[in-house]
Amino acid sequence: MKALVLAGGMGIRLRPLSHTTAKQLIPVGGEPVVRYSLDVIREAGITEVGIVVGERGDQFRRILGDGRDMGLRITYIEQERPDGLAHCVLIAREFLGSDDFLMCLGDNVVLEGVGQLVSEFRSNRADAMLLLGKVDDPSEYGVAVVDDAGRIQRLVEKPETYVGDLAVVGAYVFSSAIHRAVRAIRPSARGELEITEAIQWLVDTGRRVVGHECPGYWKDAGRLADLLACNRVLLERLTTDITGQVDEASTIRGPVVVAENATVSGSELVGPVLVAAGAVVRDSKLGPHTAVGPGCRITEAEIADSILLEDATVHGVSGLSGSVVGRAASVRGGGAGAEVFLGDDSSVVIAS
């Protein structure tokens with residue numbers, strides 16, 4: 001079995017960060033979002049991975065390389081424009097051949113259930129098997145209507161009336177039958193080849209399409225609030241690991257990671273907190289639920305429930321929370337209680 005990771009979307013909902021960084025490479029819990037898909041793929045016993053990339057394919061190549069350090073073999077598949085998830089399957093045909101494959105959305109974080117999905121597919125053959133998760137508000141998702149035997153009868157995108165509460169999570173396993181399906185459908189009203197329509201074609205032509213309920217955490221990390229929610233959940237999994245320098249004037253409570261070559265002085269860290277390699281934290285309070293990227297500089301600041309990307313600077317700001325600060329961006333001033341969503345290489349001064 002192979003895997004196909006879809007990472008060609010534009011990330012409009014995550015601008016301004018996605019103006020300069022592919023949305024699947026924005027870090028949560030200290031790692032690019034797409035790494036969590038690659039981790040569960042490897043844990044499912046799959047090593048050959050195709051990643052569909054768009055105009056920022058060079059960023060994926062630079063950060064992920066050939067996948068060797070993750071125990072994977074990565075092939076990059078270029079998509080000229082985001083023409084839909086089914087279009088990704090269409091252009092990946094040469095890579096996929098006639099093999100079964102696991103397909104994951106590169107901007108979704110799914111922590112458990114993918115391995116079980118793959119195992120069930122292998123032992124209980126179907127033409128498609130979808131990972132499903134119960135949601136409180138089905139109108140925000142693509143929803144699967146499932147019979148008592150677990151077979152999917154139809155898929156409804158963002159239903160206006162209640163048809164069920166099982167949303168399609170963003171992990172699918174397909175047999176080679178899907179290739180005929182993606183060739184059979186036509187572009188939707190928004191001009192894209194929709195994977196839901198291809199799956200519905202399988203259902204309508206008598207193919208066996210089955211749902212598998214996700215037993216653990218999952219989230220579409222496509223918006224600011226979702227990024228921060230994922231960050232909180234992932235940081236909760238930390239265990240304390242101090243390999244950097246923490247002076248005697250600093251205090252640490254709860255699970256805290258201070259990576260090699262990071263320096264913490266005169267500060268209070270309330271876990272879960274991650275301080276990445278090369279970061280400097282001085283006379284500040286961090287946490288809970290704060291991830292500080294490599295090379296960041298934080299001085300005389302209070303930060304909670306936030307993500308700071310590589311080389312970001314925060315100085316003299318108290319009460320910064322619910323925020324994402326882009327790479328080499330700067331937040332300064334004497335104000336308190338701020339929330340910011342700052343793109344790369346930008347700056348803001350918060351007045352006192």
Side-chain angles (χ1 to χ4, degrees), residues 1-7 9 24 33-46 49-52 85-86 88-89 92 96 99-138 140-159 163-175 177-178 181-182 194-200 202-203 207-222 226 229-230 233-234:
M1 187 180 287
K2 294 175 181 173
L4 187 66
V5 177
L6 310 189
Q24 301 87 357
V33 171
V34 72
R35 283 293 297 256
Y36 297 101
S37 291
L38 296 173
D39 286 345
V40 296
I41 286 168
R42 184 187 62 250
E43 290 164 5
I46 301 170
V49 181
I51 302 182
V52 177
L85 305 189
C88 295
V89 176
L96 295 168
D99 294 330
D100 300 334
F101 66 97
L102 166 67
M103 186 171 85
C104 296
L105 305 187
D107 58 354
N108 279 212
V109 175
V110 184
L111 299 182
E112 292 96 16
V114 173
Q116 295 174 21
L117 177 73
V118 170
S119 296
E120 184 175 337
F121 182 89
R122 284 171 166 158
S123 62
N124 185 16
R125 293 292 302 179
D127 290 293
M129 189 170 288
L130 282 57
L131 196 62
L132 307 175
K134 287 192 174 182
V135 293
D136 294 329
D137 184 4
E140 292 293 316
Y141 300 89
V143 174
V145 180
V146 181
D147 67 16
D148 293 339
R151 291 187 65 158
I152 293 174
Q153 302 301 298
R154 61 191 175 107
L155 298 174
V156 184
E157 189 65 31
K158 296 183 178 178
V163 296
D165 62 356
L166 288 174
V168 180
V169 167
Y172 318 72
V173 187
F174 294 115
S175 75
I178 192 65
V182 298
E194 310 285 356
I195 197 64
T196 52
E197 292 188 18
I199 295 168
Q200 189 65 53
L202 292 175
V203 173
R207 301 285 187 162
R208 188 162 179 266
V209 180
V210 181
H212 177 84
E213 194 166 336
C214 181
Y217 180 83
W218 65 274
K219 177 71 75 173
D220 176 354
D226 299 322
C230 284
V233 168
L234 292 163

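Worth saying up front: this structure is predicted, and the values here are computed from it rather than measured. Note: hydrogens, waters and symmetry copies are ignored here, and every other heavy atom, side chains too, is used.
Of all the heavy atoms in R151 and R207, the pair that sits closest is NH2-O, 3.4 Å. Listed here is the closest heavy atom pair of K2 and L96: NZ-O, 3.7 Å. Scanning all heavy atoms of the two residues, the minimum distance from R122 to A44 falls at NH1-O, 3.7 Å.
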task: Would you please test V118 and M1 for side-chain contact (heavy atoms from CB on, under 4.5 Å) and show each step?
output: CA-CA 9 Å; V118 170; M1 187 180 287; 3.9 Å; yes
task: List the steps, then state whether side-chain contact (heavy atoms from CB on, under 4.5 Å) holds for Y141 with V168.
output: CA-CA 7 Å; Y141 300 89; V168 180; over 6 Å; no
task: Please assess I41 against C104 for the test side-chain contact (heavy atoms from CB on, under 4.5 Å), listing each intermediate value before the final yes or no.
output: CA-CA 9 Å; I41 286 168; C104 296; 4.2 Å; yes
- request: I would like to know whether Q24 and V5 meet side-chain contact (heavy atoms from CB on, under 4.5 Å); could you show each step before the answer?
  value: CA-CA 10 Å; Q24 301 87 357; V5 177; over 6 Å; no
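Annotation: the span from L38 atom CG to R42 atom CZ amounts to 8.5 Å, rounded to 0.5 Å. Of the inter-residue distances, the one linking I199 atom CD1 with F174 atom CZ reads 4.0 Å to the nearest 0.5 angstrom. To the nearest 0.5 Å, atom CD of residue E213 and atom CD of residue Q116 are 11.0 Å apart. Annotation: the span from L4 atom CG to I51 atom CD1 amounts to 9.5 Å, rounded to 0.5 Å.
Checked against side chain to side chain donor-acceptor pair (under 3.5 Å), D107 has the following partners two or more places apart in sequence or in another chain: K23. Residues that satisfy the side chain to side chain contact (heavy atoms under 4.5 Å, CB included) test with V143, not counting sequence neighbours, are P138, P159, V163. Under the rule for a side chain to side chain donor-acceptor pair (under 3.5 Å), the partners of Q153 that lie at least two apart in sequence or sit in another chain are D147. Not counting sequence neighbours, D148 has no partner by the side chain to side chain donor-acceptor pair (under 3.5 Å) test.
Using a 4.5 Å cut-off on side-chain heavy atoms (C-beta onward), I195 and Y172 make contact. Put simply, the side chain of L6 reaches to within 4.5 Å of the side chain of M103, judged on heavy atoms. V173 has its side chain within reach of L117: a pair of non-hydrogen atoms, C-beta onward, lies under 4.5 Å apart. For the pair L111/V233, a side-chain contact is recorded, criterion being any heavy-atom separation below 4.5 Å from C-beta on.
Screening I178, V49, I46 for a side chain to side chain contact (heavy atoms under 4.5 Å, CB included) with F101, the sole residue that qualifies is I178. V33 pairs with exactly one of V109, D226, N108 by the side chain to side chain contact (heavy atoms under 4.5 Å, CB included) rule, that one being V109.
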Donor-acceptor pairs under 3.5 angstrom involving side-chain atoms of residues 125-133: please list them, not counting sequence neighbours.
residue: R125; atom: NH1; partner: D100; partner atom: OD2; Å: 2.6
residue: R125; atom: NH2; partner: D100; partner atom: OD1; Å: 3.3
residue: R125; atom: NH2; partner: D100; partner atom: OD2; Å: 3.4
residue: D127; atom: OD1; partner: S175; partner atom: OG; Å: 3.3
residue: D127; atom: OD2; partner: R208; partner atom: N; Å: 3.2

Residues 214-222 side chain polar contacts: donor-acceptor under 3.5 Å, at least two apart:
residue: D220; atom: OD1; partner: G222; partner atom: N; Å: 3.2

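In this structure, the side chain of Q200 engages the main chain of L155 through a donor-acceptor pair within 3.5 Å.
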